Amino acid sequence: MLDIKFVRDNPDLVKAGAVKKRLPDRVAVVDRVLALDVELRALLPRIESMRAEQRQAGKAMGRLAAEERECHLAAQKRLKEELQQLEDQEKDLRARLEREALLLPNVPAPEVPEGKDDTENQEVRRVGAVPAFGFTPRAHYEVGERQGWLDFERAANLAGSRNYFLFGELAWLHDAVLRFAADHMSGKGFTLVDPPLLVRDLAMVGTAFFPGGEEQAYRCEKDELNLIGTAEVPVTSIHQGEILDEADLPKRYVGRSACFRREAGTYGKDTRGLYRVHQFHKVEQVIVDVADPEVSRRHHEEIVRNAEEVLQAFELPYRVVAVCGGDLGVPQIFKYDIECWMPSRNHYGETHSASRFHDFQARRLNLRYRRKADGKVAFCHTLNNTVIASPRILIALLEIHQQADGTVRLPKALVPYMRGKEVLGRPL
RNA sequence: GGAGAGGUGGCAGAGCGGCUGAAUGCAGCGGUCUUGAAAACCGCCGUGCCGAGAGGCACCGGGGGUUCGAAUCCCCCCCUCUCCGCCA
């Protein structure tokens with residue numbers, strides 16, 4: 001949610017932001033919001049003065065003798081009816097304004113690159129060499145199926161496409177990377193959180209997945225709950241409605257959860273393997289802090305580094321990209337993606353996404369803090385980034401570390417998490 | 001799932017149709033005192049919206065309703081607690 005005052009003062013900036021994000025239909029939203037805002041503010045003074053009159057008269061009434069009341073009552077009743085009508089108008093205006101305002105996209109930072117989609121994201125840096133194999137490398141699903149670790153066919157039979165069974169050592173590896181990631185973040189002072197996986201609309205709207213993302217979420221209509229697509233949703237919402245003490249900031253959380261995504265509209269895309277699946281697990285870092293763009297920027301760099309450290313520990317080549325306007329979501333101001341090299345795609349594939357929101361989510365969540373300097377209340381800034389998402393990361397691990405004989409070498413960092421094992425699978 | 005009790009400012013906790021945006025305590029801020037700190041004492045101290053300002057309006061879990069007037073009465077929902085039932 002944008003500050004309505006900001007929209008009033010900078011309509012062109014907001015529109016330009018929507019254009020940069022390639023959301024042409026949202027440009028018109030700015031004008032609609034402004035028009036409703038004008039209408040509402042024209043109405044308010046009338047309502048307020050009527051209410052003031054009503055209140056004064058009401059107070060006087062209390063002091064009046066019973067027989068004096070009669071003549072005042074008639075006037076009061078008339079006023080009441082008139083007021084009622086205006087209040088209905090006000091309520092309707094506010095509802096429409098709210099509905100439109102939720103559609104306004106956050107304004108992208110000036111340093112967000114221009115571009116229409118992910119092909120125009122700007123590479124920031126590459127780390128680690130793309131390996132040269134002395135043999136023809138196999139795709140992860142081949143490596144996995146040959147070892148009996150993966151089964152997509154049986155999973156599809158009972159759960160539909162984009163589902164998977166992980167067996168044996170691969171299931172353990174899945175566990176190991178998540179555990180490693182949680183440990184890594186815990187060591188940096190992030191508090192581990194095991195959040196609710198089913199949440200009310202409040203949290204979905206608050207983190208700005210709704211409105212707009214309804215088609216991507218599984219919904220339990222009976223209970224009006226939604227399965228989360230990422231721990232960002234419940235973890236960023238932890239302090240929803242609260243006024244935090246500045247002394248308690250920043251809040252650093254590392255959420256660990258299953259994630260569910262319908263992947264509607266992706267038919268025919270990434271259909272093989274573990275890349276795009278309905279259900280996965282993720283360890284996610286979330287920071288809530290004071291409303292200071294400079295502080296947010298520092299946190300952003302910090303959470304990207306945290307993720308990079310994990311990838312370096314996993315000995316995976318990757319690159320960091322600055323996401324361009326057209327690939328940026330509605331709520332973000334700036335976003336880095338981290339992509340790991342995936343031989344089967346012969347390209348880097350997205351494994352991490354680090355977002356900076358400023359107070360966009362906090363406004364929707366009514367997430368505030370009291371400033372030490374002046375005792376005033378302000379909306380927080382929020383950020384989040386993946387630490388590790390599995391099984392997607394298993395693609396890179398299996399493909400990069402596969403050996404000619406069909407086994408998979410474990411990076412040293414993961415060995416302790418696999419009970420000392422250094423190689424997975426048997427030679428084939 | 002059934003029966004009861006309750007949700008009030010950062011926290012605790014009064015109020016239960018008009019004089020209550022809300023007593024009181026704690027915390028916070030400013031001051032007096034002190035070499036300094038503590039204690040004591042004095043003052044200030046909710047949030048949002050509109051307005052250049054004076055000021056006005058809204059908000060006592062959320063939404064409806066009754067009433068000239070609702071934190072206070074009624075209905076629905078959400079949450080917390082207690083008892084019963086069921087259950088990993």
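Just so it is clear: chains get the letters A, B, ... in the order the sequence lines come, proteins before strands, and each one is counted from 1. What you see is a predicted model, and the numbers here were worked out from it, not measured in a lab.
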For nucleotides [N] and [M], find the distance between their [atom1] atoms and express it as a whole number of Å.
N      : M      : atom1 : answer
A52(B) : C44(B) : C1'   : 26 Å
G46(B) : G85(B) : C1'   : 44 Å
G28(B) : C11(B) : C1'   : 12 Å
G9(B)  : U47(B) : C1'   : 9 Å
G55(B) : A38(B) : P     : 36 Å
U72(B) : G18(B) : C1'   : 11 Å
G30(B) : A39(B) : P     : 15 Å
A70(B) : G21(B) : C1'   : 14 Å

Is it true that a side-chain atom of [X] and a backbone atom of [Y] form a donor plus acceptor pair closer than 3.5 Å?
X         : Y         : result
Lys188(A) : Arg252(A) : no
His140(A) : Ala396(A) : no
Gln332(A) : Phe357(A) : no

May I ask you to verify if any side-chain N or O of [X] is less than 4.0 angstrom from the OP1 or OP2 atom of [N]?
X         : N      : answer
Arg55(A)  : A58(B) : yes
Arg200(A) : C79(B) : yes
Arg41(A)  : G51(B) : yes
Lys91(A)  : G64(B) : yes

Take atom [atom1] of [X] and atom [atom2] of [N], then tell me their distance rounded to the nearest Å.
X         : N      : atom1 : atom2 : result
Glu81(A)  : G69(B) : CD    : C1'   : 16 Å
Glu98(A)  : G48(B) : CD    : C1'   : 14 Å
Glu87(A)  : G64(B) : CD    : P     : 11 Å
Leu40(A)  : G51(B) : CG    : P     : 11 Å
Asp245(A) : C29(B) : CG    : C1'   : 14 Å
Leu97(A)  : C50(B) : CG    : P     : 11 Å
Arg368(A) : G46(B) : CZ    : C1'   : 10 Å
Asp37(A)  : C49(B) : CG    : P     : 12 Å

State the pairing partner of [N]; accept Watson-Crick or G-U wobble contacts with both distances under 3.5 Å, and report none otherwise.
N      : answer
G53(B) : none
A58(B) : U47(B)
G21(B) : none
A3(B)  : U82(B)

*Salt bridge check: are Asp201(A) and Arg219(A) linked by an N-O gap of less than 4.0 Å?*
yes

*Is Arg94(A) salt-bridged to Glu90(A), going by a charged N under 4.0 Å from an acidic O?*
yes

Give the nucleotide from the list [options] with an atom nearest to the side chain of [X].
X        : options                : answer
Gln54(A) : G10(B), C68(B), C57(B) : C68(B)
Lys77(A) : C68(B), C57(B), G10(B) : C68(B)
Arg51(A) : C49(B), G46(B), A58(B) : A58(B)
Lys5(A)  : C49(B), U47(B), C57(B) : C49(B)

*asked:* Which residue is it: Ile388(A), Val310(A), Asp175(A)? I am looking for the one with a side-chain contact (heavy atoms from CB on, under 4.5 Å) to Phe180(A).
replied: Val310(A)

*Is Lys80(A) touching bases, backbone alone, or none of the nucleic acid, heavy atoms closer than 4.0 Å?*
base

_Once you apply a heavy-atom cut-off of 4.0 Å, does Arg363(A) come out as touching a base, just sugar-phosphate, or nothing?_
nothing

*Give a yes/no verdict on a cation-pi contact between Arg154(A) and Phe165(A), requiring under 6.0 Å between NZ or CZ and the six-membered ring centre and an angle within 45° of the axis.*
no

*Let me know, please, whether Val377(A) or Ile4(A) comes out on the 5' side of the other along RNA chain B by nearest nucleotide.*
Val377(A)

